[in-house]
**Student:** 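Can you read through this structure? Questions will come right after.
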Amino acid sequence: MPELPEVETVRRGLAPAMEGARIRQVQLNRENLRFPFPDNFGSVLEGARIKALSRRAKYLLCELDNGHTVIMHLGMSGSFRLIEEKAVSTPGGFHLPKSDIAKHDHVKFHLEKDHSNLLVVYNDPRRFGFMDLVQTEQLYESRFLAELGAEPTGNAFDGNMIAAMFSGKAAPLKAALLDQRLIAGLGNIYVCEALWRSGLSPRKPAGRIVNRNGSASKKCDMLAVAVREVIAEAIEAGGSTLRDHRLADGSLGYFQHSFQVYDREGDDCAKPGCGGTIRRIVQSGRSTFYCPKCQR
DNA sequence: AAGGGAGCCTGGCGGC
DNA sequence: TGCCGCCAGGCTCCCT
């Protein structure tokens with residue numbers, strides 16, 4: 001479920017319960033997800049207290065009080081469930097009632113907070129997600145975070161920044177916006193939506209929206225605004241829920257009802273007076289949805 | 001050197 | 001009903 005707004009929604013769902021909690025036990029139901037779990041994963045986590053749950057791009061960062069931070073990525077299909085203590089509590093934490101045990105539950109974090117037990121379960125059918133452990137001091141030099149580009153929610157993100165990033169680029173706008181080394185956190189859905197909102201074709205070479213002298217054109221400004229807005233609105237809506245993914249508390253995000261182009265091939269373009277039809281094309285192996293009439 | 005494609009996995013859906 | 005191919009929100013690696 002995971003582009004930036006979904007990860008942020010997960011973070012907001014888990015943080016109140018997890019921050020300040022102590023990790024009693026970590027249960028790994030397999031030795032790897034996309035990558036192997038680090039050897040010391042359990043030993044470093046168990047007994048530690050969670051200081052903060054934050055986010056960078058699509059990564060969840062769980063800072064512990066022992067100098068380590070857990071880096072987590074949800075891949076394509078990862079999700080968390082938060083389960084409050086139930087009747088089946090034991091001295092070692094508690095176990096899921098049979099009805100709550102799901103296929104592909106790969107990691108269970110048994111937590112204790114304010115004398116009650118919590119269970120945080122990570123489920124991931126496709127196992128493209130992963131978890132890693134780094135020294136908090138070197139967090140931003142770690143291999144996953146070091147290369148990341150601008151946070152599209154940040155104050156510095158504007159048309160000038162886009163101009164600097166896209167200047168001279170031959171890659172299509174779609175690919176440039178998906179490049180995590182430039183802007184970090186956008187995925188297939190929100191890129192399609194942002195391009196539609198800004199009236200720009202996903203096929204247009206990224207460098208061509210930049211002024212000849214390298215400064216920000218009107219198009220750069222409009223694109224920056226569209227990206228900021230679509231991300232902000234999606235976070236506000238609790239992200240998008242596709243294929244029945246749930247949020248940590250079991251509820252559903254509803255931004256998918258606001259999609260104007262994503263997965264809407266054949267629909268009329270929603271832009272007033274446009275009259276175009278949404279089309280699906282494939283760019284670098286992935287679906288792009290756009291309106292050929294008003295996106296130029 | 002940047003850009004495109006395959007590969008990693010499982011599950012759900014539509015077509016026959 | 002069953003089987004098959006295609007598709008899916010991400011990322012890394014390898015090739016040109």
Side-chain angles (χ1 to χ4, degrees), chain A residues 1-11 29-36 55-60 71-80 102-106 122-132 142-149 152 165-195 202-208 227 230-231 233-235 237-247 252-266 280-289:
Chain A
M1 45 140 85
E3 298 183 37
L4 189 158
E6 290 72 40
V7 178
E8 177 60 20
T9 300
V10 168
R11 190 197 70 76
N29 294 336
R30 50 180 301 125
E31 63 189 26
N32 67 307
L33 294 170
R34 168 149 197 187
F35 307 117
R55 180 192 59 74
R56 169 74 169 105
K58 301 173 195 173
Y59 293 86
L60 274 176
I71 301 182
M72 300 181 280
H73 196 290
L74 303 175
M76 292 278 265
S77 58
S79 62
F80 282 98
K103 208 176 175 188
H104 306 302
D105 282 350
H106 303 307
Y122 179 70
N123 183 284
D124 188 355
R126 293 175 72 181
R127 303 202 306 273
F128 287 167
F130 55 86
M131 299 187 188
D132 198 10
S142 72
R143 69 165 173 142
F144 297 116
L145 305 191
E147 306 280 302
L148 289 178
M165 293 185 303
F166 288 6
S167 180
K169 283 231 172 299
L173 280 172
K174 171 77 186 301
L177 288 166
L178 278 177
D179 188 340
Q180 304 295 299
R181 294 166 304 183
L182 300 177
I183 303 169
L186 300 180
N188 208 29
I189 293 176
Y190 298 109
V191 165
C192 290
E193 295 299 320
L195 284 170
R203 317 163 65 140
K204 196 182 191 63
R208 293 227 328 250
V227 166
V230 77
I231 293 293
E233 288 171 29
I235 291 173
S240 304
T241 301
L242 269 54
R243 292 168 259 286
D244 200 33
H245 266 103
R246 301 269 156 171
L247 307 183
L252 299 169
Y254 51 91
F255 191 75
Q256 65 276 14
H257 303 303
S258 303
F259 293 168
Q260 301 297 335
V261 285
Y262 183 81
D263 205 17
R264 285 184 162 277
E265 182 181 20
R280 173 185 179 272
I281 60 172
V282 175
Q283 290 180 292
S284 40
R286 316 196 53 193
S287 290
T288 295
F289 299 90

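Order of the sequence lines fixes the chain letters, A, B, ..., with proteins taken first and strands second; residue numbering starts at 1 for each chain. None of these values were measured; they are calculated from a predicted model. Atom set for the values below is all heavy atoms of this structure, side chains included, hydrogens, waters and symmetry mates excluded.
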**Student:** Look at the side-chain N and O atoms of A:Lys103 and state whether any lies under 4.0 Å from the OP1 or OP2 oxygen of B:dG11.
**Tutor:** yes

**Student:** If you measure from the C1' atom in C:dC11 to the same atom in B:dG12, how many Å do you get, rounded?
**Tutor:** 23 Å

**Student:** Would you kindly give the CG-to-C1' distance between A:Leu60 and C:dG10, to the nearest whole Å?
**Tutor:** 14 Å

**Student:** Rounding to a whole Å, what distance do you find between A:Met72:CE and C:dC11:C1'?
**Tutor:** 18 Å

**Student:** Round to the nearest Å and state the distance from A:Phe130 atom CZ to C:dC11 atom P.
**Tutor:** 8 Å

**Student:** Applying side-chain hydrogen bond (donor to acceptor under 3.5 Å, both in side chains), name anything that partners A:Tyr122, two or more places apart in sequence or on another chain.
**Tutor:** A:Asp124

**Student:** On DNA chain B, does the nearest nucleotide to A:Arg127 precede the nearest nucleotide to A:Gln283 from the 5' side, or the other way round? Give the residue.
**Tutor:** A:Gln283

**Student:** Where does the angle between the aromatic ring planes of A:Phe255 and A:Tyr190 fall among parallel (under 30°), tilted (30 to 60°) and perpendicular (over 60°)?
**Tutor:** tilted

**Student:** Among all residues two or more places apart in sequence or in another chain, which pass the salt bridge (Lys or Arg N to Asp or Glu O under 4.0 Å) test with A:Arg56?
**Tutor:** A:Glu151

**Student:** For A:Arg181, which residues count as a salt bridge (Lys or Arg N to Asp or Glu O under 4.0 Å) partner, sequence neighbours excluded?
**Tutor:** A:Asp179

**Student:** Who are the side-chain hydrogen bond (donor to acceptor under 3.5 Å, both in side chains) partners of A:Arg30, not counting sequence neighbours?
**Tutor:** A:Asn32

**Student:** Could you tell me how far apart A:Ile281 (CD1) and B:dG4 (P) are, to the nearest whole angstrom?
**Tutor:** 11 Å

**Student:** Could I get the full list of ring pair (Phe, Tyr, Trp, His ring centres under 6.0 Å) partners for A:Phe130, not counting sequence neighbours?
**Tutor:** A:Phe35, A:His73, A:Phe144

**Student:** Please figure out whether A:Ile189 or A:Arg143 has its closest DNA chain C nucleotide nearer the 5' end.
**Tutor:** A:Ile189

**Student:** Rounding to an integer number of Å, can you tell me how far A:Glu265 CD sits from C:dA8 C1'?
**Tutor:** 15 Å

**Student:** Could you walk me through whether A:Phe259 and A:Ser240 satisfy the side chain to side chain contact (heavy atoms under 4.5 Å, CB included) test, starting with their C-alpha distance in whole Å, then the side-chain angles of each, then the deciding distance to 0.1 Å, before giving a yes or no?
**Tutor:** CA-CA 9 Å; A:Phe259 293 168; A:Ser240 304; 3.5 Å; yes

**Student:** Tell me which nucleotide among B:dG3, C:dC7, B:dG11 gets nearest to the side chain of A:Ser287.
**Tutor:** C:dC7

**Student:** Quick one: CG on A:Leu74 to CD on A:Glu3, what's the gap to the nearest 0.5 Å?
**Tutor:** 12.0 Å

**Student:** Just wondering, do A:Arg55 and A:Leu4 contact through their side chains at under 4.5 Å, heavy atoms?
**Tutor:** yes

**Student:** A:Phe166: what forms a ring pair (Phe, Tyr, Trp, His ring centres under 6.0 Å) with it, not counting sequence neighbours?
**Tutor:** none

**Student:** Check the distance between B:dT10's C1' and A:Arg30's CZ and give it to me in whole angstrom.
**Tutor:** 11 Å

**Student:** Using OP1 and OP2 only, check whether a side-chain N or O of A:Lys58 sits under 4.0 Å from C:dG10.
**Tutor:** yes

**Student:** Tell me which donor-acceptor pairs under 3.5 Å the side chains of residues 182-189 of chain A have, and how far apart each pair is, sequence neighbours excluded?
**Tutor:**
residue	atom	partner	partner atom	Å
A:Asn188	OD1	A:Lys174	NZ	2.7
A:Asn188	ND2	A:Ser287	O	3.0

**Student:** List DNA chain B stems (3 or more consecutive Watson-Crick/G-U pairs, under 3.5 Å)?
**Tutor:** B:2-8 with C:10-16, B:10-16 with C:2-8

**Student:** Report, one pair per line, the protein and nucleotides 6-8 of chain B atoms (nitrogen or oxygen only) whose separation is under 3.5 Å.
**Tutor:**
residue	atom	partner	partner atom	Å
B:dG7	N2	A:Arg34	NH2	3.4

**Student:** Give the rounded distance in Å between these two atoms: CG of A:Asp124 and P of C:dG9.
**Tutor:** 15 Å

**Student:** Is the phosphate of B:dG11, meaning OP1 or OP2, less than 4.0 Å from a side-chain N or O of A:His104?
**Tutor:** yes

**Student:** Using salt bridge (Lys or Arg N to Asp or Glu O under 4.0 Å) as the criterion, list what pairs up with A:Glu233, not counting sequence neighbours.
**Tutor:** A:Arg197

**Student:** Could you list by number each residue of residues 177-188 of chain A showing a heavy-atom separation from DNA chain C of less than 4.0 Å, or answer none if no residue does?
**Tutor:** A:Gln180, A:Gly187, A:Asn188

**Student:** To the nearest Å, give me how far apart CZ (A:Phe255) and C1' (C:dG9) are.
**Tutor:** 13 Å

**Student:** Taking salt bridge (Lys or Arg N to Asp or Glu O under 4.0 Å) as the test, write out the residues that go with A:Arg264, two or more places apart.
**Tutor:** A:Asp267

**Student:** May I ask you to evaluate whether A:Tyr262 reaches the phosphate of C:dG9, defined as a side-chain N or O under 4.0 Å from OP1 or OP2?
**Tutor:** yes

**Student:** Can you tell which of B:dG11, B:dG3, C:dT12 lies closest to the side chain of A:Pro125?
**Tutor:** B:dG11

**Student:** Please measure how far the P atom in B:dC9 lies from the corresponding atom in C:dC14, and state the result in whole Å.
**Tutor:** 15 Å

